[in-house]
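What follows is a single structure, written as structure tokens, with notes after it.
Values below: all heavy atoms of this structure, side chains included; hydrogens, waters and symmetry mates excluded.
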Amino acid sequence: MRFCSLASGSKGNAYLVDDAGELILIDCGIGPRTLKTQMALAGVAIDDITAVLITHEHSDHVAGLAAFQRFAPDVPVFMNFSTADAVCALYPDVCDEMIVAFENDSRFPVGDLKVRAIETSHDVSDPVGYFVEGPGGSYFHITDTGEPTVEMEEYFDMADVATLESNHDLAMLRSSGRPYHVVRRIEGPCGHLSNDQAADFVASCAVPRLKHLALAHLSQDCNSPHLALETVAKGLACAGCGQTKLTAFSQHRVSDWIYA
Ligand SMILES: [Zn+2]
Ligand SMILES: [Zn+2]
């Protein structure tokens with residue numbers, strides 16, 4: 001099993017998970033041209049995608065979906081029922097024939113992989129992340145959560161590799177000059193996970209099984225890769241996981257593939 005980021009942040013999100021002959025796209029918040037370019041840089045093509053998983057209906061996760069479907073009309077697009085309702089209402093161009101809706105507490109197959117939604121805390125209808133299990137390993141994927149949830153705690157220690165949001169540095173956010181309500185939304189329980197929150201989560205939940213952790217959805221104004229990595233590395237050390245490799249994903253740069 002391997003995974004990578006094609007785009008990570010508030011201007012668009014798209015991630016790939018590859019195992020057992022399945023190539024899963026998690027979120028489609030970038031346009032088809034960017035998707036094609038980024039996938040080529042990762043050594044794969046849009047035609048190789050076998051399934052899409054959607055986390056929630058915010059445009060930085062869904063805006064490219066309708067255009068993607070014109071290139072890949074037969075690819076199933078998985079999302080929970082509430083998110084499907086919201087996506088259909090907000091993006092009328094999305095082809096709902098290929099939507100496969102699920103209940104959050106179910107585990108569903110994508111080929112030989114097993115997928116389980118993990119509830120997150122975010123200001124949309126029914127936001128989730130994903131836990132993907134295959135013959136090559138297990139992958140935990142969480143972005144866009146204002147605080148850690150019980151399900152995140154439940155699944156994190158079963159992952160060989162993981163992506164976790166580390167959105168902002170709280171002091172940088174508060175001195176960013178953004179409007180008060182925007183700052184409060186981002187730092188609130190249904191906003192985004194700060195570096196400190198990500199570090200605390202990792203400190204209390206990480207186990208040595210975790211080989212590689214990638215930090216995602218970093219704010220370009222209110223964070224820096226250096227700061228996020230330094231903060232979360234302390235959390236890993238606290239959990240006795242000093243050997244876990246740590247990477248920060250970027251908005252525009254395709255990451256290396258990370259192997260389970
Ligand atoms: Zn987002
Ligand atoms: Zn969001």
side-chain hydrogen bond (donor to acceptor under 3.5 Å, both in side chains) pairs, two or more places apart, involving [range]:
range	answer
residues 19-40	Glu22-Thr50, Asp27-Thr55, Asp27-His61
residues 218-229	Lys11-Gln220, Arg178-Asp221, Asn195-Asn223
residues 227-252	His212-Thr247

Quick one: does [X]'s side chain have a donor or acceptor within less than 3.5 Å of a partner on [Y]'s backbone?
X	Y	value
Arg116	Asn104	yes
Thr120	His122	no
Asn167	His192	no
Asp48	Val44	no
Ser255	Ser5	yes
Asp126	Ser82	no
Glu165	Thr145	yes
Glu57	Ala86	no

Out of curiosity, [X] [atom1] to [Y] [atom2], how far, rounded to the nearest 0.5 Å?
X	Y	atom1	atom2	value
Asp160	Ser138	CG	OG	3.5 Å
Ser59	Leu65	OG	CG	12.5 Å
Asp96	Asp85	CG	CG	10.5 Å

| field | Set of salt bridge (Lys or Arg N to Asp or Glu O under 4.0 Å) partners for Glu133, sequence neighbours left out | value | Arg107

| request: Not counting sequence neighbours, which residues clear salt bridge (Lys or Arg N to Asp or Glu O under 4.0 Å) with Asp123? List them please. | output: Arg185

Linked hydrophobic residues, [X] as query - side chain contacts closer than 4.5 Å:
X	value
Met172	Leu227
Phe156	Ile118, Phe131, Phe140, Ile142, Met152, Tyr155, Met158, Leu164, Leu193, Phe201, Val202, Leu210, Leu213, Leu215, Leu218, Leu229, Val232, Leu236, Leu246
Phe108	Met1, Phe3, Tyr15, Val17, Ile24, Ile26, Leu53, Phe78, Val100, Phe102, Val110, Leu113, Val115, Val128, Tyr130, Val132, Tyr139, Val161, Phe249, Ile258

| message | Hydrophobic clusters here meaning ILVMFWY residues chained together by side-chain heavy-atom distances under 4.5 Å, can you tell me if Val124 and Leu90 are in one? | response | no

Report yes if some heavy atom in the side chain of [X] is under 4.5 Å from a heavy atom in the side chain of [Y]; otherwise report no.
X	Y	result
Met79	Val52	no
Val75	Met98	no
Val183	His181	no
Cys28	Phe68	yes

Compare every heavy atom of [Y] with every heavy atom of [X], then report the nearest pair and how far apart it is.
X	Y	result
Gln197	Gly146	NE2-O, 3.0 Å
Cys205	Glu153	SG-CG, 3.6 Å
Pro208	Cys241	N-SG, 3.6 Å
Ile46	Pro32	CD1-O, 4.2 Å
Ala42	Leu6	CB-CD2, 4.3 Å
Ile99	Cys88	CD1-SG, 3.8 Å

Residues two or more places apart in sequence or in another chain: which of them pass side chain to side chain contact (heavy atoms under 4.5 Å, CB included) with [X]?
X	answer
Asp74	none
Asp256	none
Asp18	Arg2, Leu23, Trp257

| task | Please list, chain by chain and in numerical order, all residues satisfying side chain to side chain donor-acceptor pair (under 3.5 Å) with Thr83, sequence neighbours excluded. | result | Asn80

| Are His217 and Asp144 close enough that a side-chain donor and a side-chain acceptor fall under 3.5 Å? | yes

| task | Output, in order, the C-alpha distance, side-chain angles, deciding distance and verdict of side-chain contact (heavy atoms from CB on, under 4.5 Å) for His168 and Ile186. | result | CA-CA 9 Å; His168 57 273; Ile186 294 170; 3.6 Å; yes

| query | Stepwise, does the side-chain contact (heavy atoms from CB on, under 4.5 Å) test hold for Asp157 with Arg209? | reply | CA-CA 7 Å; Asp157 65 0; Arg209 172 179 185 159; over 6 Å; no

| task | Take atom CZ of Arg253 as the centre, draw a 6.0 Å sphere, and report whether it contains more than 12 heavy atoms from other residues, nucleotides or ligands. | result | no

